[in-house]
Amino acid sequence: MNRSHEIATRARRSRLRPGRLALVLALLPLTAQAQAQEVITERGGIANSGMDQGEALINVRSNVTMSIRGTDGTRRANLEQLTEIISGQMGAVRACYGKIVKSRPTTVGGLAMRVTLAKGKKPRHEFEEQDGSDEKLTACIRKLFRRNRYKGVERPAAAIVTLNFKNTRAPGQAVMKKHQAVSNQVEVRASQGGGYEADYRNPDGRVRFHVTSKRSERAVEATARTLRDSFAAFLDCRRRAQKDGLSPAGEVAVDVRLMMGGKASGKVKSSTVAHERVIPCVERAFRRLKFKDAPAGQRVRVLVTYKE
């Protein structure tokens, strides 16, 4: 006999008072750091029952929390029997959640289930998703409980079961996705003289890009994003410009023509960098880059600025 079964059996035999039943069940070995969630909502849904007959509360590890409340005048002894059967399914419930989290780490939510055991009738289950629960998770749990015959539970008996799903990966995963979405955006603004412009500089400020276009906001965004993600190629040009003891500081103005397939050609129009080798290096860098989502046929002007 496992520990949870032993405690539940002891609770029935000792005829615990209502106030102590929830405490004993809350001490089952399945408890962990998950917080108990209230099953009753103020209005609407199958969780709104207003029952006072009894309550069984089970905290389950692995960030899955279960709450069970008796309803429809269910006797306490019947609720204890029903609770024992339902709590025995927690390993399978965690397995359902584990499968979903492997492919979708941000999956969280809740599920309310009403179980009704009427005399002479098959068990009846009603399900209601809460907090954006995953459909596949709901389907797995629905299949799990609908095949349960609840042997040993005296009829009539009814309860509302609320499952809440959380996982430690979800917050971090959500933050990472949000960070990626923000980092993939480039702020494009309207130029005072007309057209569009955007800026980017690498973390240490040694190379900066100022991108402009008179016609295409999309071209400016795609070009600035590509230069941001590929600034290392232009840092290499800065390194080459330091040869022979010359200063790499200066500005290189480049006309860029965007082509099909993300290709581009860059032609240096002017340079104030002392070393002449910076010009072919910058033009070569533009030819090697792939400008994702850039509109073919558009032209942009890029001012590459090198600092000491």
Side-chain angles (χ1 to χ4, degrees), residues 1-31 34-60 64-94 96 110-131 133 138 140-165:
M1 180 182 298
N2 59 41
R3 182 61 175 165
S4 60
H5 185 275
E6 179 183 350
I7 293 177
T9 303
R10 189 182 305 168
R12 291 199 304 274
R13 290 177 179 175
S14 60
R15 298 181 180 178
L16 290 174
R17 293 191 302 275
R20 297 185 62 190
L21 175 62
L23 175 61
V24 171
L25 289 172
L27 294 176
L28 289 172
L30 293 173
T31 59
Q35 296 296 319
Q37 302 291 327
E38 282 293 328
V39 181
I40 300 303
T41 56
E42 292 184 1
R43 297 178 182 274
I46 66 174
N48 183 22
S49 299
M51 62 286 192
D52 298 316
Q53 292 79 18
E55 174 182 333
L57 180 63
I58 302 174
N59 289 341
V60 183
V64 179
T65 304
M66 170 184 279
S67 296
I68 305 175
R69 288 180 183 265
T71 186
D72 296 343
T74 298
R75 294 176 56 245
R76 181 159 300 280
N78 295 14
L79 176 60
E80 292 178 23
Q81 295 169 359
L82 185 57
T83 297
E84 184 175 353
I85 296 294
I86 294 174
S87 65
Q89 298 294 328
M90 290 311 300
V93 170
R94 288 196 299 272
C96 284
L111 179 66
M113 175 183 71
R114 182 195 292 272
V115 182
T116 304
L117 306 180
K119 289 185 177 181
K121 295 183 179 180
K122 293 181 179 180
R124 183 162 61 91
H125 300 83
E126 300 169 77
F127 298 87
E128 181 179 286
E129 292 182 354
Q130 300 176 342
D131 304 322
S133 184
T138 301
C140 182
I141 294 174
R142 181 186 291 115
K143 181 179 180 180
L144 172 67
F145 280 99
R146 280 183 171 172
R147 67 189 182 192
N148 202 326
R149 301 274 71 86
Y150 300 95
K151 294 182 179 180
V153 179
E154 295 183 23
R155 270 70 164 173
I160 290 176
V161 181
T162 297
L163 293 165
N164 287 286
F165 304 96

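Expressed to the nearest 0.5 Å, how far OG1 of Thr138 lies from CG of Leu111 amounts to 5.0 Å. Note: Met113 CE to Ile68 CD1 = 8.0 Å, rounded to the nearest 0.5 Å. Taking CZ from Arg69 and OG1 from Thr83, the interatomic distance works out to 12.0 Å, rounded to the nearest 0.5 Å. Taking CD from Glu129 and CG from Leu163, the interatomic distance works out to 12.0 Å, rounded to the nearest 0.5 Å.
Judged as a side-chain contact (heavy atoms from CB on, under 4.5 Å), and not counting sequence neighbours, the contacts of Lys121 are Ala118. Remark: Arg146 pairs with His125, Phe127, Arg142 by the side-chain contact (heavy atoms from CB on, under 4.5 Å) rule, at least two apart or across chains. With sequence neighbours excluded, the residues satisfying side-chain contact (heavy atoms from CB on, under 4.5 Å) with Glu154 are Arg75, Asn78, Gln81. Judged as a side chain to side chain donor-acceptor pair (under 3.5 Å), and not counting sequence neighbours, the contacts of Arg124 are Glu126.
Of all heavy-atom pairs between Leu82 and Ala159, the closest is CD2-CB, 3.6 Å. The two residues Ile86 and Met66 make their nearest non-hydrogen contact at CG2-CE, 3.5 Å. Here the closest heavy-atom approach between residue Pro123 and residue Leu117 is recorded as CB-CD2, 3.5 Å.
Using a 4.5 Å heavy-atom cutoff, the side chains of Val115 and Tyr150 are in contact. Within the 4.5 Å cutoff, side-chain heavy atoms of Phe165 are placed close to those of Val93. Counting heavy atoms from C-beta outward, Val64 and Met90 have side chains that approach closer than 4.5 Å.
For the pair Thr74 (side chain) and Ala158 (backbone), a donor-acceptor distance under 3.5 Å is present.
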